[in-house]
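Please read the structure below before turning to the comments.
All values below were derived from every heavy atom in this structure, side-chain atoms included, with hydrogens, water molecules and symmetry-related copies excluded. One is the number of the first residue; the rest follow in order along the sequence.
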Amino acid sequence: MRKALIVWGGWDGHEPEQVAGIFAAILRQEQFEVEVSNTLEAFADAKKLMGLDLIVPVWTMGEISQELVDNVSAAVQNGTGLAGCHGGMCDSFRNNVDWQFMTGGQWVAHPGNDGVTYTVEIRQSTSPLVEGIEDFSVTSEQYYLHVDPAVEVLATTRFPVVDGPHALNKAVDMPVVWSKRWGIGRVYYNSLGHHADIVEMPQVQELMRRGLLWAADGKRIALSAEQEVPTLRNSYSGMGDSQ
């Protein structure tokens with residue numbers, strides 16, 4: 001069986017335990033062996049992380065040691081998938097830029113706070129991650145993020161919707177869903193998911209299901225292409241000044 005680790009915690013306002021439960025149910029339905037943990041020490045066993053197919057962080061506004069980030073980073077570089085949503089992945093550890101580099105972005109604002117109605121626009125793409133999914137509206141937080149230009153953007157939302165200091169700039173299409181690579185590992189992110197009921201929306205749940213499976217499948221595809229286990233890549237950090 002494929003193996004997944006879900007780690008939840010941090011700010012309770014994002015309902016991390018409930019969201020973790022939704023993801024666990026999706027993965028178990030897809031025949032994954034799922035471990036769910038509510039401690040960051042779940043990232044302490046570097047060898048165990050290397051053996052996983054998927055890591056799913058559901059942890060907002062926390063603090064983490066550099067050693068634990070390095071363990072996750074090394075696992076993803078060597079093929080373990082990484083997938084998550086909202087603040088549970090891209091507002092996990094504001095003080096760790098290595099985490100932000102790996103995940104592809106960092107939350108900086110949600111103008112209007114919760115209760116903003118906006119449109120999620122699916123990018124015209126050949127990616128199976130969004131095939132057949134139509135644009136849809138959501139009433140929630142609209143995430144403004146600082147985003148890695150290397151990501152493949154799969155869905156966007158138009159800013160501004162509400163007034164704020166950003167509104168006098170030109171209109172921008174902010175990424176909502178993206179994918180990227182970190183070493184040979186696949187990384188998937190969806191900025192929706194302020195509460196569990198948003199994650200349970202049919203469109204959001206299907207986007208997450210596809211993203212979780214896509215990220216987890218990266219190791220198998222990479223190993224099959226190379227036809228042998230690649231030499232383990234060391235955890236990279238180009239951010240030494242921050243550590």
Side-chain angles (χ1 to χ4, degrees), residues 2 4-38 53-62 81-92 103-105 107 110 112-123 125 127-145 153-158 161 174-179 186-217:
R2 291 175 292 179
L5 171 65
I6 301 173
V7 180
W8 66 268
W11 185 57
D12 286 338
H14 278 161
E15 301 178 351
E17 185 174 11
Q18 295 95 314
V19 172
I22 295 169
F23 292 157
I26 292 171
L27 290 168
R28 287 176 178 138
Q29 189 170 5
E30 297 290 341
Q31 305 304 309
F32 279 74
E33 178 184 325
V34 181
E35 177 185 349
V36 180
S37 174
N38 65 351
D53 295 281
L54 180 65
I55 296 170
V56 184
V58 190
W59 200 290
T60 304
M61 292 188 294
L82 183 71
C85 74
H86 202 63
M89 184 161 133
C90 282
D91 192 22
S92 296
T103 58
W107 171 87
H110 40 61
N113 297 310
D114 196 11
V116 175
T117 298
Y118 59 96
T119 301
V120 176
E121 299 181 8
I122 304 298
R123 280 283 180 94
S125 172
S127 173
L129 290 169
V130 293
E131 183 179 1
I133 297 178
E134 303 292 333
D135 296 352
F136 61 96
S137 293
V138 62
T139 300
S140 183
E141 292 179 338
Q142 186 186 31
Y143 260 23
Y144 203 104
L145 300 120
V153 178
L154 302 171
T156 62
T157 185
R158 176 59 63 94
V161 173
M174 179 61 57
V176 172
V177 181
W178 68 67
S179 62
R186 293 177 170 186
V187 178
Y188 176 88
Y189 176 70
N190 186 329
S191 73
L192 302 170
H194 181 54
H195 292 137
D197 62 338
I198 299 298
V199 179
E200 289 175 328
M201 289 177 60
Q203 302 95 325
V204 180
Q205 191 158 342
E206 177 61 14
L207 285 167
M208 287 304 308
R209 185 189 70 84
R210 294 184 189 186
L212 293 165
L213 296 180
W214 175 84
D217 216 24

key: Min side-chain heavy-atom separation Met89-Leu82 under 4.5 Å   = yes

message = What's the separation between atom CG in Asp12 and atom OG1 in Thr60, rounded to the nearest 0.5 Å?
response = 10.0 Å

key: Main-chain N/O of Trp59 paired to Ser92 side chain as donor or acceptor, under 3.5 Å   = yes

inquiry  = Quick one: does any side-chain atom of Arg210 pair with a main-chain N or O of Glu131 as donor and acceptor, under 3.5 Å?
reply    = yes

ask   = Closest heavy-atom contact between Ser191 and Pro175?
value = OG-O, 4.5 Å

request  = Please name the pair of heavy atoms, one in Gln18 and one in Ala196, separated by the smallest distance, quoted to 0.1 Å.
outcome  = CB-CB, 3.9 Å

remark   = Distance col, row Cys85:SG vs Gln205:CD, nearest 0.5 angstrom, shows 11.0 Å

inquiry  = Set out, in order, the CA-CA distance, both residues' side-chain angles and the distance that settles side-chain contact (heavy atoms from CB on, under 4.5 Å) for Arg2 and Leu54, then state yes or no.
reply    = CA-CA 8 Å; Arg2 291 175 292 179; Leu54 180 65; over 6 Å; no

query = Considering only heavy atoms from C-beta outward, does the side chain of Arg123 approach that of Thr156 to under 4.5 Å?
reply = yes

query = Would you say Leu145 and Tyr189 make side-chain contact, with heavy atoms under 4.5 Å?
reply = yes

inquiry  = Checking the side chain of Thr103 only, and the main-chain atoms of Cys90 only, is there a donor and an acceptor separated by less than 3.5 Å?
reply    = no

request  = Calculate, to the nearest 0.5 Å, the distance between atoms CD and CG belonging to Glu121 and Leu154 respectively.
outcome  = 14.0 Å

ask   = Can you name the side-chain contact (heavy atoms from CB on, under 4.5 Å) partners of Thr157, sequence neighbours left out?
value = Tyr118, Gln142, Phe159, Met174, Val176

key: Gly193 versus Val199, closest heavy-atom pair with distance   = CA-CG2, 3.7 Å

task = State, with a plain yes or no, whether a side-chain heavy atom of Val36 is found less than 4.5 Å away from one of Phe23.
result = no

remark   = OG of Ser127 to CD1 of Ile133, rounded to nearest 0.5 Å, is 9.5 Å

Min side-chain heavy-atom separation Glu134-Phe136 under 4.5 Å = no

key: Close side-chain approach of Tyr188 and Leu207, heavy atoms under 4.5 Å   = yes

query = Could you give the distance from CD (Glu15) to CH2 (Trp8), rounded to the nearest 0.5 Å?
reply = 12.0 Å

query = Is there a donor in the side chain of His194 and an acceptor in the side chain of His14, or the other way round, less than 3.5 Å apart?
reply = yes

ask   = Hey, is the main chain of Trp214 close enough, under 3.5 Å, to the side chain of Arg186 for a donor-acceptor pair?
value = yes

request  = To the nearest 0.5 angstrom, please state how far the OG atom of Ser140 sits from the CG atom of Asp114.
outcome  = 5.0 Å

Pairs under 3.5 angstrom only: tabulate donor-acceptor contacts from the side chains of residues 25-32 to other protein residues two or more places apart or in another chain.
| from | atom 1 | to | atom 2 | distance (Å) |
| --- | --- | --- | --- | --- |
| Arg28 | NH2 | Val34 | O | 3.4 |
| Glu30 | OE2 | Arg209 | NH1 | 3.3 |
| Gln31 | NE2 | Gln29 | O | 3.4 |

query = Do Glu17 and Asn38 have side chains that get closer than 4.5 Å, going by heavy atoms?
reply = no

